[in-house]
Amino acid sequence: MDGVHVSCICRGIVLEVGLVMLQGSRRAHEIAIQNASELTNTQVSIRELRSLDDLIGAGLDAIILPGGESTTMRIVGGEDGTGLLGPLYSTIRENSDMPVLATCAGTILLADPQDGGDPIISAEVDRNAWGRQIDSFIGPVAVENANSPIQCVFIRAPRFTDARKPSVIATFDGEPVGVRESNRIALTFHPELSGTTIFHEMLIEAALSVQRGATA
Ligand code: GLN
């Protein structure tokens with residue numbers, strides 16, 4: 001993939017969506033946000049975030065933080081790696097309305113950024129709490145405002161051990177697996193791998209409502 005892709009449909013606004021390129025199913029997120037862009041009739045430009053330089057002046061309207069393996073992501077994105085994570089966390093903290101969609105390891109990073117600052121989502125997670133890689137599974141997730149459960153992919157997924165502060169927007173077997181705090185959406189699973197666009201649509205809607213607030 002090269003730098004910036006603009007997709008479909010005009011409604012006057014182009015949302016700049018930053019896609020963190022450290023690890024994980026980035027291409028699947030790209031497809032999901034493009035599909036969500038069409039479904040919401042909103043033009044989206046995907047900006048790939050690899051290093052601090054990609055953040056500077058990017059004017060992001062939303063951020064997608066894919067899963068992968070959080071230890072690896074901390075190393076790759078840390079100060080001895082690309083250096084992206086620290087400035088990314090600062091960008092999110094400084095823009096309290098910034099819509100963020102974090103999946104799986106992305107959620108682990110938001111809950112426990114380990115940069116000396118506050119958690120970016122006020123929830124606690126237990127890594128790999130569903131078991132080992134072989135215990136990964138696909139299961140029905142009940143999602144707020146969805147008519148029926150959506151099959152979602154849990155890959156060596158974390159579990160929320162404390163998610164009392166954010167609102168619960170997705171449950172599996174009655175257990176919270178997706179939370180939202182302001183415009184920060186954190187999921188323990190991978191919606192981008194099962195074709196659903198509902199969470200990417202939420203991200204776009206959140207970004208549009210921030211824009212509407214800014215122009216009101
Ligand atoms: N188990 C991984 C971790 O601890 C997360 C897995 C995932 O993102 N699919 O980082």
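Side chains are part of it too, since the values below use all heavy atoms of this structure and drop only hydrogens, waters and symmetry mates. Because the structure is a prediction, the values reported are computed rather than measured.
In this structure, a donor-acceptor pair under 3.5 Å is present between the side chains of Glu201 and Thr197. There is no side-chain donor-acceptor pair under 3.5 Å between Glu205 and Thr40. For the residue pair His29 / Thr103, a side-chain donor-acceptor distance below 3.5 Å is found, with atom types taken as modelled. Using modelled atom types, one finds a donor on one side chain and an acceptor on the other under 3.5 Å when comparing Glu192 with Ser25.
Between Leu22 and Leu85 there is a side-chain heavy-atom pair separated by less than 4.5 Å. Counting heavy atoms from C-beta outward, Met202 and Ile169 have side chains that approach closer than 4.5 Å. Proximity of Gln211 to Leu15: side-chain heavy atoms (C-beta onward) are separated by under 4.5 Å at one or more points. For the pair Gln23 and Pro66, the minimum side-chain heavy-atom distance is 4.5 Å or more. Leu187 has its side chain within reach of Leu101: a pair of non-hydrogen atoms, C-beta onward, lies under 4.5 Å apart. In this structure, Ile63 and Val17 have side chains that are not in contact, with every pair of non-hydrogen atoms separated by 4.5 Å or more. By the 4.5 Å heavy-atom criterion applied to side chains, Pro149 and Val141 are not counted as neighbours. For the pair Ile75/Asp80, no side-chain contact is recorded, criterion being any heavy-atom separation below 4.5 Å from C-beta on.
Scanning both residues, Cys104 and Ile155, for their nearest heavy atoms gives SG-O, 3.8 Å. The shortest heavy-atom contact between Ile92 and Arg184 is O-NH2, 3.1 Å. Of all the heavy atoms in Ile138 and Val153, the pair that sits closest is CG1-CG2, 4.1 Å. Ile204 and Val44 get closest at one heavy-atom pair: CD1-CG2, 3.9 Å. When all heavy atoms of Ala123 and Pro166 are compared, the closest pair comes out as CB-CG, 4.4 Å. Here the closest heavy-atom approach between residue Ala105 and residue Ser70 is recorded as CB-N, 3.7 Å.
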Exercise. Verify side-chain contact (heavy atoms from CB on, under 4.5 Å) between Asn128 and Gln133, making sure each step is shown before the conclusion.
Key: CA-CA 8 Å; Asn128 307 329; Gln133 191 77 4; over 6 Å; no
Exercise. Report the C-alpha separation of Ile46 and Ile33 in whole Å, then their side-chain angles, then the decisive distance to 0.1 Å, and conclude whether the side-chain contact (heavy atoms from CB on, under 4.5 Å) test is met.
Key: CA-CA 9 Å; Ile46 299 167; Ile33 197 74; 3.5 Å; yes
Quiz item: What's the verdict on side-chain contact (heavy atoms from CB on, under 4.5 Å) for Glu69 and Arg127, showing C-alpha distance, side-chain angles and the deciding distance?
Solution: CA-CA 10 Å; Glu69 208 286 322; Arg127 285 182 65 202; 2.6 Å; yes
Practice problem: Go through Met98 and Thr91 one step at a time and tell me if the side-chain contact (heavy atoms from CB on, under 4.5 Å) criterion holds. | Solution: CA-CA 9 Å; Met98 172 70 81; Thr91 301; 4.3 Å; yes
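For the atom pair CZ (Arg50) and CG (Leu55), the distance works out to 13.0 Å, reported to the nearest 0.5 Å. Interatomic distance, Met21 CE to Glu48 CD, rounded to the nearest 0.5 Å: 4.0 Å. Between atom CZ of residue Phe199 and atom SG of residue Cys152 there is a gap of 5.5 Å, rounded to the nearest 0.5 Å. With rounding to the nearest 0.5 angstrom, the OG atom of Ser167 is 7.5 Å from the CZ atom of Arg180. Taken to the nearest 0.5 Å, the OG atom of Ser37 stands 12.0 Å off from the CG atom of Leu203. Distance check: Arg159 CZ to Glu124 CD gives 15.5 Å after rounding to the nearest 0.5 Å.
Within the 3.5 Å criterion, the main-chain N or O of Asp126 finds no donor-acceptor partner in the side chain of Thr161. In this structure, Ser51 contributes its side chain and Leu84 its backbone to no donor-acceptor pair below 3.5 Å. Arg26 contributes a side-chain N or O that, together with a main-chain N or O of Gly24, makes up a donor-acceptor pair within less than 3.5 Å. Under a 3.5 Å cut-off, the side chain of Ser122 and the backbone N or O of Lys165 do not form any donor-acceptor pair. Between the side chain of Asp54 and the backbone N or O of Ile56, no donor-acceptor pair lies under 3.5 Å. Although no hydrogens or angles enter the test, the distance criterion places no donor-acceptor pair under 3.5 Å between the side chain of Asn35 and the main chain of Ala32.
At most 12 non-hydrogen atoms from other residues, nucleotides or ligands lie less than 6.0 angstrom from CD of Glu79. By the 6.0 Å contact criterion, CD1 on Ile134 is open, its count of non-hydrogen atoms from other residues, nucleotides or ligands being 12 or less.
No continuous path of hydrophobic side-chain contacts links Leu19 to Leu60 [ILVMFWY only; heavy atoms under 4.5 Å]. Ile31 and Ile198 end up in different hydrophobic clusters when Ile, Leu, Val, Met, Phe, Trp and Tyr side chains are linked at under 4.5 Å. Neither Ile64 nor Leu110 shares a network with the other; the hydrophobic side chains, linked directly or stepwise wherever heavy atoms of I, L, V, M, F, W or Y lie under 4.5 Å apart, form separate groups for each. With hydrophobic clusters built from ILVMFWY side chains whose heavy atoms lie under 4.5 angstrom apart, Leu65 does not share a cluster with Ile185. In the hydrophobic clustering of ILVMFWY residues, with side-chain heavy atoms under 4.5 Å counting as a link, Leu109 and Val177 come out apart.
Side-chain rings of Trp130 and Phe172 approach one another, their centers coming within less than 6.0 Å.
Taking the six-membered ring for Trp and thresholds of 30 and 60 degrees, Phe137 and Phe154 have nearly parallel ring planes, at less than 30 degrees apart.
Of the charged side-chain nitrogens involved, at least one lies within less than 4.0 Å of a carboxylate oxygen, so that Arg93 and Asp115 count as a salt-bridged pair.
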